[in-house]
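Computed from a prediction, not measured in an experiment: that's the story for all the values here.
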Amino acid sequence: MTAAGTRELLLSRIRDVADYPKPGVMFKDITPLLADPVAFTALTDALTELCVRHGATKIVGLEARGFILAAPVAVRAGIGFIPVRKAGKLPGATLGQAYELEYGTAEIEVHAEDLSAGDRVMVIDDVLATGGTAEASLELIRRAGAEVAGIAVLMELGFLGGRSRLDGALRGAPLEALITL
């Protein structure tokens, strides 16, 4: 399937849900895509190709939908999957990174021993919105001693400015979006 064909297939399986989770928000629901084995396979193949092309040796999935996308990509690519979770959700010794939200702060964590020097890490998530979580994950990866291979997302919501927020944090690593809205 061509890149354009994959994009159209994926777009056709993403449902808009108005006023969710609050009034004025148009939520992009990927559950119909996940329920369609042809579309989910096409998505997994496209993300796997990006990981291989950029030389990833580990894949970080961002909580929570990033886990769903990243785990099968890691299996397909034959490389490790590392969950990055909200603070307090991992049982072992962790590294944490706080970041700014629209109204307040949040923190993400990774098990300290899961990443190390020599790892090239691809970050996978479903949506790039404002870029706060993605930016924090890049800092966390580097603090663990690993290298950032890039970020790959199913959808980029371009009007929210996440790409420009990440420009400096990427330090030349690629940001790949299969769909930009």
Here the pair of heavy atoms bringing I179 nearest to I14 is CD1-CD1, 3.9 Å
Distance col, row T130:OG1 vs L157:CG, nearest 0.5 angstrom, shows 9.5 Å
Exercise for review: Look at the side-chain heavy atoms of Ile, Leu, Val, Met, Phe, Trp and Tyr, link any pair under 4.5 Å apart, and say whether I30 and L43 land in one connected group.
Suggested key: yes
So ring-ring contact (aromatic ring centres under 6.0 Å, His included) across residues 152-171, not counting sequence neighbours, yields none
Let me check something: do L170 and I108 share a hydrophobic cluster, defined by ILVMFWY side-chain heavy atoms less than 4.5 Å apart, either directly or through other members? yes
For residues 137-154, the salt bridge (charged side-chain N to carboxylate O under 4.0 Å, His left out) pairs (sequence neighbours left out) are R120-E147
Here the salt bridge (charged side-chain N to carboxylate O under 4.0 Å, His left out) pairs for residues 148-172, sequence neighbours left out, are E135-R165, E156-R163
* To do: Indicate yes or no: at least one non-hydrogen side-chain atom of V127 is less than 4.5 angstrom from one of L154.
  => no
Output yes when a side-chain donor or acceptor of D119 lies under 3.5 Å from a complementary backbone atom of K58, and no otherwise.
no
Starting from V17, can I reach M155 by hopping between I/L/V/M/F/W/Y residues whose side chains sit under 4.5 Å apart?
no
Distance col, row S137:OG vs L62:CG, nearest 0.5 angstrom, shows 5.0 Å
Contact check, side chains of V75 and T44, non-hydrogen atoms, under 4.5 Å
no
Residues joined to V38 in its hydrophobic cluster, side chain to side chain under 4.5 Å directly or through other members, sorted by chain and number, are M1, L9
Note: with side-chain heavy atoms under 4.5 Å as the link, the other cluster members for L90 come out as none
The reported gap from CG in L140 to CD in E107 (rounded to nearest 0.5 angstrom) is 9.0 Å
To the nearest 0.5 Å, atom CD1 of I79 lies from atom OG1 of T48 at 8.5 Å
| field | Residue pair V148 / V121, side-chain heavy-atom distance below 4.5 Å | value | no
Contacts of T133 meeting side-chain hydrogen bond (donor to acceptor under 3.5 Å, both in side chains) (sequence neighbours excluded), chain-then-number -> Y99
Taking the side chain from E109 and the backbone from G88, do they hold a donor-acceptor pair closer than 3.5 Å? yes
Nearest heavy-atom approach of A152 to L47 is CB-CD2, 3.9 Å
Next item on the list: Using a 4.5 Å cut-off on heavy atoms from C-beta on, say whether the side chain of M122 contacts that of V73.
Entry: no
Residues passing the salt bridge (charged side-chain N to carboxylate O under 4.0 Å, His left out) test with E49, sequence neighbours excluded, are R53
So ring-ring contact (aromatic ring centres under 6.0 Å, His included) across residues 21-72, not counting sequence neighbours, yields Y20-F27
Item checked: Flag side-chain contact, heavy atom, 4.5 Å: D125 against I151 -> no
All heavy atoms of I124 vs all of C51, minimum pair found to be CD1-SG, 3.9 Å
Contacts of E63 meeting side-chain hydrogen bond (donor to acceptor under 3.5 Å, both in side chains) (sequence neighbours excluded), chain-then-number -> R85
Do I82 and I141 sit in one hydrophobic cluster, given that two such residues count as connected whenever their side-chain heavy atoms are within less than 4.5 Å of each other, even indirectly? yes
Across all chains, not counting sequence neighbours, the side-chain hydrogen bond (donor to acceptor under 3.5 Å, both in side chains) partners of D16 are K28
Using side-chain contact (heavy atoms from CB on, under 4.5 Å), reason through L128 and L166 one step at a time and then give a plain yes or no.
CA-CA 10 Å; L128 175 65; L166 292 174; 3.7 Å; yes
Heavy atoms of V110 and P83 approach each other most closely as CG2-O, 4.0 Å
Residue set satisfying side-chain hydrogen bond (donor to acceptor under 3.5 Å, both in side chains) with D126, at least two apart, ordered chain then number -> R65
What one should report as the nearest heavy-atom pair of A70 and G61 is CB-CA, 3.7 Å
Check: Can you hop from L181 to M26 via hydrophobic side chains spaced under 4.5 Å?
Finding: no
dist L69:CG -> I59:CD1 (nearest 0.5 Å) comes out at 11.0 Å
d(T2 OG1, E8 CD) to nearest 0.5 Å is 9.0 Å
Correct closest heavy-atom pair for P174 and A149 would be CD-O, 3.2 Å
Contacts of D114 meeting salt bridge (charged side-chain N to carboxylate O under 4.0 Å, His left out) (sequence neighbours excluded), chain-then-number -> none
